[in-house]
Amino acid sequence: MQDVWTRVDNYFGDLLTPTDDKLDAALLANEQGGLPPIDVTRLQGKFLDFLVRISGARRVLEIGTLGGYSTIWLARALPEGGSIVSLELDPHHAEVARANLKDVGVLNRVELIVGPALDTLPVLEKTAAPFDLIFIDADKQSYPQYLHWALKLSRPGTVIVADNVVREGKVIEPDCDDPNVQGVRRFTKLLAAEPRLSATVLQTVGTKGYDGFALAVVLS
Ligand code: SAH
Ligand code: DHB
Ligand code: MG
């Protein structure tokens, strides 16, 4: 099936996210910088754009910047005056992201914070919260803690999106020894148990294979 998923992704991608030299240049810079090719796909980027627009988000938090590809999609969808805080552990990833964001012309709307997100999130509680949309996409082992912080940094109506919750279907294997899978399973359990959230999961296929997004809205 991978072949048809890729061709369909390219079909809709070509129609709905036409050639964008700046985005292509960012992906090339990531590759040249030795970053792993684990950015969201272009149609997934357009999905993040959609979420920002329908939620009317002005303040976005991203956990896991990599080279800033998803950050660019989020930033471009923001209204005038909107801004993003993006958290990244790896200084080299952050450096590549900074250059990409500058080249695309959105660095002025992005605050990049380098360090382990679990160390930087508590600072945001005092300085930058609440956020209107929170995109969780860093190390999967810490997804449960990221959900905890997302709730702390939210308000009723905040949209919480988490990438990579399906993991080629491994999520349904309770005894899977992959810590990423265990992180996602604990995250999903918390989502389900949290009365302040209404949540669902959207399974996805495409050029990156089979995965999915968890989508939640803060109720109260
Ligand atoms: N959102 C990006 C992809 C992020 S990949 C995009 O779609 O374009 C995951 C990123 O999370 C990597 O860059 C990795 O260095 C970062 N990361 C891993 N552990 C982290 C941590 N503890 N705190 C912050 N970032 C972390
Ligand atoms: C991985 C991380 C991601 O954020 C992603 O979208 C795909 C893969 C990974 O760590 O393997
Ligand atoms: Mg991801």
Side-chain angles (χ1 to χ4, degrees), residues 9 17 20 22-31 33-49 51-52 60-77 84-101 104 106 110-124 133-150 153 160-171 176 178-184 187 201-215:
D9 217 354
T17 66
D20 183 323
K22 295 235 165 100
L23 274 173
D24 292 346
L27 289 178
L28 187 64
N30 288 356
E31 194 184 328
L35 273 53
I38 55 175
D39 335 67
V40 293
T41 66
R42 51 187 172 150
L43 283 174
Q44 290 172 348
K46 194 73 182 281
F47 178 61
L48 295 176
D49 169 297
L51 291 176
V52 169
V60 173
L61 170 64
E62 176 176 65
I63 309 177
T65 318
L66 190 65
Y69 184 76
S70 53
T71 325
I72 294 168
W73 280 105
L74 292 163
R76 282 180 166 179
I84 304 183
V85 175
S86 189
L87 311 181
E88 174 54 51
L89 172 67
D90 186 316
H92 175 58
H93 293 183
E95 187 188 336
V96 172
R98 193 177 301 281
N100 284 335
L101 295 164
V104 171
V106 296
V110 183
E111 185 188 354
L112 263 175
I113 305 181
V114 182
L118 291 176
D119 292 351
T120 51
L121 284 162
V123 180
L124 297 178
L133 186 145
I134 301 175
F135 178 44
I136 301 174
D137 195 21
D139 56 308
K140 317 306 165 196
Q141 297 98 303
S142 305
Y143 270 31
Q145 291 98 305
Y146 295 151
L147 182 62
H148 165 82
W149 280 105
L153 302 174
I160 299 173
V161 192
D163 194 18
N164 313 116
V165 300
V166 174
R167 322 264 344 155
E168 308 276 348
K170 290 199 200 76
V171 68
C176 182
D178 181 342
N180 297 317
V181 170
Q182 289 305 332
V184 164
F187 168 85
V201 163
L202 192 63
Q203 300 188 67
T204 59
V205 294
T207 54
K208 273 178 77 179
Y210 170 39
D211 217 321
F213 291 104
L215 304 165

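All ligand and atom numbering here is 1-based and tracks the order in the structure.
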Measure the OH-NZ distance between Y210 and K170 for me, rounded to the nearest 0.5 Å.
-> 11.5 Å
State whether K140 and D163 are salt-bridged, where the test is any N-O pair (Lys NZ or Arg NE/NH1/NH2 against Asp/Glu carboxylate O) under 4.0 Å.
-> no
Atom name in D163, limited to N/O/S, at shortest distance from the Mg ion (ligand 3) | OD2
For the Mg ion (ligand 3), which N, O or S atom of D137 is at the shortest distance?
-> OD1
May I ask you to check if any N/O/S atom from D39 comes under 2.8 Å of the Mg ion (ligand 3)?
-> no
Decide, yes or no, whether a salt bridge links D39 with R42 under the criterion of side-chain N to carboxylate O below 4.0 Å.
-> no
Side chain, backbone, both or neither: which part of D163 has a heavy atom under 4.0 Å from ligand 2?
-> side chain
Just by distance, do the side chain of T204 and the backbone of D211 share a donor-acceptor pair under 3.5 Å?
-> yes
Donor-acceptor side-chain pairing of D139 and Y146 below 3.5 angstrom | yes
N/O to N/O under 3.5 Å, ligand 1 against protein:
from, atom 1, to, atom 2, distance (Å)
ligand 1, 1 (N), G64, O, 2.8
ligand 1, 1 (N), S70, OG, 2.8
ligand 1, 1 (N), D137, OD2, 2.8
ligand 1, 7 (O), V40, N, 2.9
ligand 1, 7 (O), S70, OG, 3.3
ligand 1, 7 (O), D137, OD2, 3.4
ligand 1, 8 (O), S70, N, 3.2
ligand 1, 8 (O), S70, OG, 3.3
ligand 1, 13 (O), L66, N, 3.4
ligand 1, 13 (O), E88, OE1, 2.7
ligand 1, 13 (O), E88, OE2, 3.2
ligand 1, 13 (O), H93, ND1, 2.8
ligand 1, 15 (O), E88, OE2, 2.6
ligand 1, 15 (O), H93, ND1, 3.2
ligand 1, 19 (N), D139, OD1, 3.2
ligand 1, 22 (N), D139, OD1, 3.3
ligand 1, 22 (N), Y146, OH, 3.3
ligand 1, 23 (N), A117, N, 2.9
ligand 1, 25 (N), L89, N, 3.1

Measure the distance from atom 11 (O) of ligand 2 to every protein heavy atom, then report the residue, atom name and distance (to 0.1 Å) of the closest one.
-> R167 NH2, 3.9 Å
Distance-only, no hydrogens or angles: does the K46 side chain make a donor-acceptor pair with backbone N or O of T17 under 3.5 Å?
-> no
State the CG-OH distance between D137 and Y143, to the nearest 0.5 angstrom.
-> 5.0 Å
Would you say N164 has an N, O or S atom lying under 2.8 Å from the Mg ion (ligand 3)?
-> yes
In terms of its nearest heavy atom to atom 10 (O) of ligand 2, the top option of N164, I38, D211 is I38
Got an N, O or S from D211 under 2.8 Å of the Mg ion (ligand 3)?
-> no
Check the side chains of E62 and S70 for a donor-acceptor pair under 3.5 angstrom, ignoring hydrogens and angles.
-> yes
